[in-house]
Amino acid sequence: MGKAVMEMMEKRKSVRTYETTPIDAAAHAAIMEYLAEEENLRGPFGGRTGVEWIWAKGGGSEGKGMKLGAYGIIVNPQAYLAGSVRNDKLALLEFGYTFQKLILFATGLGLGTCWIGGTFNRKSFARELELAEGEIIPCITPLGYAREKQRLLDATMRYVVKADNKKPWAELFYDGSFGSRLTPEAAGRLAVPVEMVRIGPSASNKQPWRLVLSPDRKKMHFYLQHTPNYSGNKLGFQMQRIDIGIAACNFGLTCRELGIAGTWAIEDPGIEADSPHTEYMLSYTLS
């Protein structure tokens, strides 16, 4: 991944206002090379995500930016990366993993990004992509260089979605069972990967991940805590599955960087959840 991946996780913030500067040819080439490498587009279970680079038509000239619905206006995007995947539970999780890895790669190249999965105009993007039967465009990101004097809008938006307001460990991570809180001390060498999950992006900043460390310290189980009124609608349901993929990506890449070897598997440990909205998703087993 080039630069320390954890540094990119900490650095990445949603950028909605871009400079009119065109994207550097070397950065464009690096991303195209990344996308050409089949392995980069595969999730932890081998599922493939489609990603296309789309130049923003007239993005720089008119300065108005494309109105992307609920998420406010993106100003001066120079290009977009649009992802496509089958619309099923596992595929969406793997999409989150793969697209986050790509976003971190772009961050390492000095590009600004912003996860957009809400109400962007899917039809205009669908025209640019060759979608197979049953595929959807779950998310896109604009690309460009962050405007140095970030507009007030960005700060306001961060406040509205409470983007800097991350839940504490006590609300997200558990030790052995959902009744027992996990502390950084008790997490040992997994404390840093867990913290990287905590600071990760999620739709509407809901942070729907819940992690349970097995009593033998060998497995970390990932659960999705559905936000009832949010994942009651189809889009919210899809987005929260993608969020778990983002969490798994941050965790897995951090483990790799720290030399903590392990493998992903889907093997429900049967831990009793404290809420009917909690759904088991996947586990990381230390080798």
Side-chain angles (χ1 to χ4, degrees), residues 1-15 18-19 23-44 49 51 81 83 94-115 139 141-146 148 150 154 158 163-164 166-169 172-173 182-185 187-202 205 207 209 211 213 217 220 222 242-264 282 284-287:
M1 290 276 312
K3 279 190 198 160
V5 71
M6 290 182 283
E7 196 187 314
M8 294 309 109
M9 289 172 194
E10 289 172 331
K11 190 178 162 187
R12 192 221 65 87
K13 278 195 168 32
S14 300
V15 175
Y18 295 88
E19 296 285 5
I23 291 171
D24 180 67
H28 173 238
I31 288 186
M32 297 315 286
E33 209 173 292
Y34 180 97
L35 296 179
E37 190 65 54
E38 190 72 21
E39 208 39 52
N40 289 332
L41 299 178
R42 291 206 177 277
T49 288
V51 180
L81 289 171
E94 293 203 273
F95 172 83
Y97 190 104
T98 308
F99 210 68
Q100 170 70 351
K101 200 169 131 196
L102 171 59
I103 279 180
L104 292 170
F105 180 76
T107 304
L109 295 170
L111 291 166
T113 61
C114 182
W115 274 92
C139 296
T141 177
L143 291 176
Y145 299 104
E148 287 314 318
Q150 278 295 32
D154 283 37
R158 292 187 73 73
D164 294 308
K166 301 291 187 194
K167 293 186 169 96
W169 274 59
L172 300 171
F173 310 129
L182 181 66
T183 62
E185 296 71 33
R189 62 184 182 145
L190 290 177
V192 177
V194 169
E195 175 61 14
M196 292 299 135
V197 169
R198 194 182 74 86
I199 67 168
S202 58
N205 200 33
Q207 304 153 70
W209 38 74
L211 272 54
L213 181 58
R217 305 339 229 183
M220 185 63 82
F222 285 64
I242 291 168
D243 289 343
I244 299 301
I246 294 173
C249 176
N250 276 14
F251 186 89
L253 293 184
T254 303
C255 282
R256 195 171 74 192
E257 185 158 287
L258 296 174
I260 304 170
T263 50
W264 291 105
L282 78 168
Y284 189 81
T285 303
L286 303 183
S287 333

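Nothing here was measured: the structure is a model prediction, and the numbers come from that model. What you see below is based on every heavy atom in this structure, not just the backbone, and it leaves out hydrogens, waters and symmetry mates.
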Starting at [atom1] of [X], measure out to [atom2] of [Y] and round the result to the nearest 0.5 Å.
{"X": "L81", "Y": "C139", "atom1": "CG", "atom2": "SG", "result": "12.0 Å"}
{"X": "W264", "Y": "Y97", "atom1": "CH2", "atom2": "OH", "result": "6.5 Å"}
{"X": "I242", "Y": "T98", "atom1": "CD1", "atom2": "OG1", "result": "11.0 Å"}
{"X": "E10", "Y": "M6", "atom1": "CD", "atom2": "CE", "result": "8.0 Å"}
{"X": "I246", "Y": "F95", "atom1": "CD1", "atom2": "CZ", "result": "8.5 Å"}
{"X": "T107", "Y": "M9", "atom1": "OG1", "atom2": "CE", "result": "10.0 Å"}

Do you know the tightest heavy-atom contact between [X] and [Y]?
{"X": "P193", "Y": "I260", "answer": "CG-CD1, 4.3 Å"}
{"X": "S14", "Y": "C114", "answer": "CB-SG, 3.7 Å"}
{"X": "D243", "Y": "S202", "answer": "OD1-CA, 3.4 Å"}
{"X": "P201", "Y": "K166", "answer": "CA-NZ, 4.3 Å"}
{"X": "A247", "Y": "W209", "answer": "CB-CE3, 3.7 Å"}
{"X": "T254", "Y": "N250", "answer": "OG1-O, 2.6 Å"}

Tell me, do [X] and [Y] make a side-chain contact under 4.5 Å, heavy atoms counted?
{"X": "L35", "Y": "L102", "answer": "yes"}
{"X": "Y284", "Y": "P44", "answer": "no"}
{"X": "R256", "Y": "V5", "answer": "no"}
{"X": "L172", "Y": "V197", "answer": "no"}
{"X": "L190", "Y": "C255", "answer": "yes"}
{"X": "L286", "Y": "R189", "answer": "yes"}
{"X": "V15", "Y": "T113", "answer": "no"}
{"X": "T141", "Y": "W115", "answer": "no"}

Any donor-acceptor pair under 3.5 Å from [X] side chain to [Y] backbone:
{"X": "Q100", "Y": "C249", "answer": "no"}
{"X": "R198", "Y": "P168", "answer": "no"}
{"X": "N40", "Y": "Y34", "answer": "yes"}
{"X": "K11", "Y": "G108", "answer": "no"}
{"X": "Y145", "Y": "D24", "answer": "yes"}
{"X": "Q207", "Y": "N205", "answer": "yes"}

Q. What class does the angle between the rings of W169 and F173 fall in, given that below 30° is parallel, 30 to 60° is tilted and above 60° is perpendicular?
A.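 W169 and F173: perpendicular rings.
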Q. Would the number of heavy atoms belonging to other residues, nucleotides or ligands and lying under 6.0 Å from CD of E38 be above 12?
A.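 Result for CD/E38: enclosed.
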